[in-house]
K.L.:
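I have a structure I would like to understand better, so I am pasting it below and will then ask my questions one at a time.
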Amino acid sequence: MLQVNFIKNNLERVQASLQKRNFKNTDILEETIKLDELKRSTQTSMNEKQEAINKASKEIGGLFKQGKKEEAEGLRANVATLKEELNNLKVSFEEVSGKLTGLLYEIPNAAHASVPEGSTDEDNEVFQAWDANMPDLATSKLPHWELAKKYDLIDFELGAKITGAGFPVYKGKGAKLQRALINFFLDEADKSGYAEFLPPHMVNEASAIGTGQLPDKDGQMYHDAQDDLYLIPTAEVPITNIYRDVILKEEDFSIKMCGYTPCFRREAGSYGAHVRGLNRLHQFDKVEIVRIEHPERSYAALDEMLDHVRGLLAKLELPYRILRLCGGDLSFASALTFDFEVFSAAQERWLEVSSVSNFETFQSNRLKLRYNDANKKKHLAHTLNGSALALPRIVAALLENNQTGDGINIPKVLWKYTGFEKI
RNA sequence: GGUGGAGUGGGUGAGUGGCUGAAACCACCGGUUUGCUAAAUCGACGUACGGUAACCUCCGUACCGCGGGUUCGAAUCCCGCCUCCACCGCCA
């Protein structure tokens, strides 16, 4: 959520952003600013009314002490009318303020100047192409879901029996590969200075609002109505919320955190060949990196995060490319996002395995995550996060790209984690 | 899940209807003193929003776990909720 002041002070950028995002309601910024003015003037009237009441109340107290009952009674009658007027003001204040919040919830983050124009994922800019060799596979190459069956690594039907579609069961070397990747990713994050957390896998409503899953993406999360808790769609939610309602000092930056969690997504409305196998799941594993940064340093931090993910993919020896998301594909809360895609050689498709974003103050405004500068003035911090990495599509690419006639080769970097070099 | 107790500023903690945005102490910050460190001493010391476009100042409003209520007036009384502690129940 953007602050009204931010919108006022960066009107051109926010307007340009709405255009890039193909946002239809072009009057929304003007409406927002008008409503904000109305809200403030109403608040001023309320304050004045309350002031009059407070003064009268003090007088009444004094009069009672002096035994001047009649005068006191007179004032009491006055207060009664003042209170009625105040209550009317309160009602309109609540109404205006509710409308304003509603509008602010609808306004997506201001896109970074470098975000390209475009409406769909086809308009994303290839920020870093893959110019080395692609895996050279025999014509008998198999997609990962067939490899998973052939080598008894992942059982989709069994998961469907136990839970439902999109909840695979990993078995034997398939399960060990999961565990190996999680440990590899966590160790690499640790080496890059990210402090490890193992957060709760369910969050309350305040946390889901804090990182922007609510109210915008209600229906994408699994919700336990009995206790009003949400299964996390990503570790970003619990980990970023560690810093909800926190005021930092400038020397606290940079804050670098990471964590492994399973992620739960309802993915309502996704069907078809493109979601086969591991391509899209309701539950999957992911290691996430999260950063909280000084606004002046957040884009440098974003670069560092890109480097970290590049390193992971290089070590896994997977062909990858980096996309800069266009306005139409950019998520609601993000100012700038880079997607990493690996090439899955049997499907002959690029698969998204990481999304690295700078949210600037969009999340911190909701989180009330601020820092004190040298003059003890408070500013919103910047938040960033990225997958490092999401497992299923990495597994898909590893299986497909490394298949040979008599097995699947495990990249060298994982050997000490898997305990085997080949499946 | 049941019963009992508790939640006040950065911390400890006083405060049972008006003189309390809140005593006192500690911490932090600034000054004085002192060979340095330490001690002593004086002072300042919450947050948010609005008036207000910017820093300060000033004025106002709100805030004593959260949300309602009673009252001219609530940290204080009433109701609901949350969290923590203790005991009981259940349990990996």
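Order of the sequence lines fixes the chain letters, A, B, ..., with proteins taken first and strands second; residue numbering starts at 1 for each chain. Computed over heavy atoms, backbone and side chain alike; hydrogens, waters and symmetry mates excluded.
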K.L.:
More 5' along RNA chain B: Lys55(A) or Arg76(A), using each one's nearest nucleotide?
P.N.:
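Its nucleotide being nearer the 5' end, the pick is Lys55(A).
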K.L.:
Tell me: NZ of Lys39(A) to C1' of rA62(B), nearest whole Å?
P.N.:
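One finds 13 Å between C1' of rA62(B) and NZ of Lys39(A), rounded.
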K.L.:
Is Lys149(A) salt-bridged to Glu146(A), going by a charged N under 4.0 Å from an acidic O?
P.N.:
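Not counted as a salt bridge, because no side-chain N and carboxylate O are separated by less than 4.0 Å.
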K.L.:
Please give the distance between the C1' atoms of rG46(B) and rG21(B) as a whole number of Å.
P.N.:
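Straight-line distance between the two C1' atoms is 9 Å.
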K.L.:
Assess whether atom CD of Glu30(A) is packed by more than 12 heavy atoms of other residues, nucleotides or ligands within 6.0 Å.
P.N.:
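Count not over threshold, so no.
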K.L.:
Consider only side-chain N and O atoms of Thr211(A) and Gln363(A), and report whether a donor and an acceptor are under 3.5 Å apart.
P.N.:
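Side-chain D/A pair, Thr211(A) to Gln363(A): absent.
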K.L.:
Between rA38(B) and rC45(B), how far apart are the two C1' atoms, rounded to whole Å?
P.N.:
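It comes out at 23 Å once rounded to the nearest Å.
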K.L.:
Using whole Å, report how far CD1 of Ile53(A) lies from C1' of rA62(B).
P.N.:
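Rounded to whole Å, this separation is 14 Å.
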K.L.:
Does anything in residues 299-309 of chain A pair up under side chain to side chain donor-acceptor pair (under 3.5 Å), and if so which pairs, sequence neighbours excluded?
P.N.:
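Pairs touching residues 299-309 of chain A that pass the test: Ser192(A)-His308(A), Arg291(A)-Glu304(A), Arg297(A)-Glu304(A), Tyr299(A)-Glu360(A), Asp307(A)-Arg310(A).
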K.L.:
How many whole angstroms separate atom CD of Gln50(A) from atom P of rC72(B)?
P.N.:
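Distance, rounded to whole Å: 14 Å.
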K.L.:
Scan nucleotides 15-20 of chain B against the protein and return all N/O pairs shorter than 3.5 Å with their distances rounded to 0.1 Å.
P.N.:
unit_1: rG18(B); atom_1: N2; unit_2: Ser57(A); atom_2: O; d: 2.7

K.L.:
Looking at Phe420(A), is Lys176(A) sitting on its ring face, NZ or CZ under 6.0 Å from the six-membered ring centre and within 45 degrees of the normal?
P.N.:
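No, Lys176(A) does not sit over the ring of Phe420(A).
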K.L.:
Could you name each residue pair satisfying ring pair (Phe, Tyr, Trp, His ring centres under 6.0 Å) that touches residues 218-245 of chain A, not counting sequence neighbours?
P.N.:
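For residues 218-245 of chain A: His223(A)-Tyr230(A).
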K.L.:
Just N and O in the side chain of Asn54(A): are any of them under 4.0 Å from OP1 or OP2 of rU61(B)?
P.N.:
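Yes, such a contact exists.
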K.L.:
rA27(B) C1' sits how many Å from Lys249(A) NZ, rounded?
P.N.:
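The distance from NZ of Lys249(A) to C1' of rA27(B) comes to 12 Å, rounded to the nearest Å.
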K.L.:
For the residue pair Phe253(A) and Tyr371(A), categorise the inter-ring angle as parallel (less than 30°), tilted (30 to 60°) or perpendicular (more than 60°).
P.N.:
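Correct class here is perpendicular.
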K.L.:
Pairing of RNA chain B as dot-bracket, 5' to 3': ( ) intra-strand, [ ] crossing, | other strand, . unpaired, with Watson-Crick or G-U pairs under 3.5 Å?
P.N.:
((((((((.[[[..)..(.....]]]..((((.......))))..((((((......)))))).[[[[[..)....]]]]])))))))....
K.L.:
How close do Ser355(A) and Thr337(A) get, counting heavy atoms only, and between which atoms?
P.N.:
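Closest approach of Ser355(A) to Thr337(A): OG-CG2, 3.3 Å.
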K.L.:
Nucleotide by nucleotide, 5' to 3', does protein get under 4.0 Å of the base (B), only the sugar-phosphate (S), or neither (-) in nucleotides 46-57 of chain B, counting heavy atoms?
P.N.:
-SSBSS---S--
K.L.:
Nearest-Å distance, NZ (Lys49(A)) to P (rC72(B))?
P.N.:
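To the nearest whole Å, that distance equals 19 Å.
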K.L.:
Work out how far the P atom of rU83(B) is from that of rC66(B), and round it to whole angstrom.
P.N.:
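Rounded to whole Å, the distance is 15 Å.
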K.L.:
Any donor-acceptor pair under 3.5 Å linking the side chain of Ser364(A) with the backbone of His382(A)?
P.N.:
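Such a contact is absent between Ser364(A) side chain and His382(A) backbone.
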K.L.:
Can you run down the salt bridge (Lys or Arg N to Asp or Glu O under 4.0 Å) pairs that involve residues 184-195 of chain A, sequence neighbours left out, and say none if there aren't any?
P.N.:
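Only Glu188(A)-Lys191(A), Glu188(A)-Lys315(A) qualify under salt bridge (Lys or Arg N to Asp or Glu O under 4.0 Å).
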K.L.:
Pick the closest RNA chain B nucleotide for Val79(A) and for Glu51(A) by heavy atoms, then say which residue is nearer the 5' end.
P.N.:
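Checking each residue's closest nucleotide, the 5'-ward one belongs to Glu51(A).
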K.L.:
Pick the C1' atom in rU12(B) and in rC64(B), then give their distance to the nearest Å.
P.N.:
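Straight-line distance between the two C1' atoms is 16 Å.
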K.L.:
Between rG31(B) and rA44(B), how far apart are the P atoms? Round to whole Å, please.
P.N.:
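About 15 Å, rounded to a whole number of Å.
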K.L.:
Measure the spacing between CD of Glu236(A) and OG1 of Thr261(A) and express it to the nearest 0.5 Å.
P.N.:
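The OG1 atom of Thr261(A) is 10.5 Å from CD of Glu236(A), to the nearest 0.5 Å.
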K.L.:
Does Glu94(A) pair with Lys90(A) as a salt bridge, N-O distance under 4.0 Å?
P.N.:
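No salt bridge links Glu94(A) with Lys90(A).
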K.L.:
Taking atom P in both rA74(B) and rG89(B), what distance in whole Å separates the two?
P.N.:
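45 Å, rounded to whole Å.
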K.L.:
So, is Lys83(A) close to the rG73(B) phosphate, meaning a side-chain N or O under 4.0 Å from OP1 or OP2?
P.N.:
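The answer is yes; a side-chain N or O of Lys83(A) sits under 4.0 Å from OP1 or OP2.
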K.L.:
In whole Å, measure the gap between the P atoms of rC85(B) and rC78(B) for me.
P.N.:
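Their P atoms lie roughly 26 Å apart.
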K.L.:
Using the C1' atom as the reference point in each nucleotide, state the distance between rC58(B) and rG73(B) in Å, no decimals.
P.N.:
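rC58(B) and rG73(B) have their C1' atoms separated by 27 Å.
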